2 protein chains.
Amino acid sequence: MDHRAKLDSARARRKPAGRGDLYSPDCPSRAVLDHVTSRWGVLVLVALLGGTHRFSQLRRRIGGVSEKMLAQTLQALEADGFVRREVFPEIPPRVEYSLTALGDDVAARVRALADWIEGNLGRILASQAAPRARRAGATER
Amino acid sequence: MDHRAKLDSARARRKPAGRGDLYSPDCPSRAVLDHVTSRWGVLVLVALLGGTHRFSQLRRRIGGVSEKMLAQTLQALEADGFVRREVFPEIPPRVEYSLTALGDDVAARVRALADWIEGNLGRILASQAAPRARRAGATER
DNA sequence: CGGTATCCTCGCCGATACTG
DNA sequence: CAGTATCGGCGAGGATACCG
């Protein structure tokens, strides 16, 4: 299906075996990055960094997430190998989510970012309030 | 459109002066996080960490981005106080983008994440390929 | 060169209903 | 409790055209 015949020479730069290149549109790392940095992906990873959670726990912890998006986000992260899903054959059923070793690693980076934003929100909002007067017509929503 | 009448008590929890709470749906930090972790926001920040860039340079560097989205992303990051925009009154016109002190700080965290993903793409793809056989006859796509 | 404005499509996401 | 299936809106985002 992928008939890109332009693999002649320009694309000669090899990647060191499994090294991704985020600047390339079709590098798989783009998809992974999108999952990790998705609106709910970030929050799920950070939450799981605090320990194993059940579905409902995550749903309650992460304000504003719908069941559908939470399930979808968890599936993507599980597929990427970041999240482990354990089903307990009980009644009522119980499912627990936790980070894999790989997931723990990314989540640490994600939390570093999330923490920085939370901790510097004051400075950020201050910077926002002090832009030189630009012209109107801002597409800001 | 904001007829959420439930602002009676739930919104009572104050934040310690400028500290954000990403778990709260209406905390401003959510918007900032979304800008920073947006599909193109991440790549723009990392690119600018490499130094000042002109519009076209960024466009060429970041594969797959459209002019519209690049402009939009840069505006959002500028509004948040992460990116500085300098216009040179020349002909042909030249505009340079660089990181502010604040932007340099976030970008470092973003790059840590981006670098990790690029560097561990091999392990990630391997994890994707090796999901433990859940129920028999996995619905492997 | 470095944008902005307009159109239009696609898929994200919420709401709802149903299953085990 | 913990999901999956389906429908529909609406906004993100690409293509194009035009301006300073």
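The sequence lines fix the lettering, A, B, ..., with proteins before strands; numbering per chain opens at 1. All values derive from a computational prediction rather than experimental measurement.
Atom CG in Leu70(B) sits about 8 Å away from atom P in dG3(C), given to the nearest Å. The distance between atom CG of Asp34(B) and atom P of dG13(D), rounded to the nearest whole Å, is 10 Å. Look at CZ on Arg30(A): it is 13 Å from P on dG13(D), rounded to the nearest Å. In this entry the distance linking CZ of Phe88(B) with P of dG2(C) reads 11 Å, nearest Å. Taking atom CZ of Phe55(B) as the reference point, atom P of dC1(C) lies 12 Å away to the nearest angstrom. Rounded to an integer number of Å, the gap from Glu96(B) CD to dG3(C) C1' is 16 Å. If you take CD of Glu67(A) and P of dT6(D), they are 17 Å apart, rounded to a whole angstrom. Atom NE2 in His53(A) sits roughly 16 Å away from atom P in dC1(D) (whole-Å rounding).
Projected onto DNA chain D by closest heavy-atom contact, Pro92(A) and Ala71(A) fall at different nucleotides, the more 5' of which corresponds to Pro92(A).
Applying the side-chain contact (heavy atoms from CB on, under 4.5 Å) rule to Ser66(A) yields the partners Lys68(A), Met69(A); only residues at least two apart in sequence or on another chain are considered. For Arg61(A), there are no side chain to side chain donor-acceptor pair (under 3.5 Å) partners, not counting sequence neighbours. Every residue two or more places apart in sequence or in another chain was checked for a salt bridge (charged side-chain N to carboxylate O under 4.0 Å, His left out) with Asp104(A), and none qualifies. Judged as a side chain to side chain donor-acceptor pair (under 3.5 Å), and not counting sequence neighbours, the contacts of Trp116(A) are Asp105(B).
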Show each protein N/O and nucleotides 18-20 of chain C N/O combination with a separation under 3.5 Å, one pair to a line.
none

Between protein and nucleotides 12-15 of chain C, what N or O pairs are separated by less than 3.5 Å?
residue, atom, partner, partner atom, Å
dC13(C), N4, Lys68(A), NZ, 3.0
dG14(C), OP2, Ser66(A), OG, 2.6
dG14(C), O6, Lys68(A), NZ, 2.2

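The hydrophobic cluster containing Phe88(A) does not contain Leu48(A), counting ILVMFWY residues as joined when their side-chain heavy atoms lie under 4.5 angstrom apart, directly or transitively.
Under a 4.0 Å N-O distance rule, the pair Glu118(A)/Arg19(B) qualifies as a salt bridge.
The side chain of Arg54(A) approaches dA2(D) more closely than any other nucleotide in the set dC1(C), dG3(C), dA2(D).
Heavy atoms of Tyr97(B) sit under 4.0 angstrom from primed sugar atoms or phosphate atoms, though from no base atom. Looking at heavy-atom distances under 4.0 Å, Glu90(B) makes no contact with the nucleic acid at all.
One distance of note links CD of Glu96(B) with OG1 of Thr52(B); it measures 6.0 Å at 0.5 Å rounding. To the nearest 0.5 Å, atom CH2 of residue Trp40(A) and atom CD of residue Gln72(A) are 12.0 Å apart.
Smallest separation of non-hydrogen atoms from Val46(B) and Arg111(B): CG2-CA, 4.0 Å.
Here Gln75(B) does not reach the OP1 or OP2 of dG3(C): none of its side-chain N or O atoms lies under 4.0 Å away. Contact annotation: Arg85(B) reaches the phosphate of dG3(C) (side-chain N/O to OP1 or OP2, under 4.0 Å).
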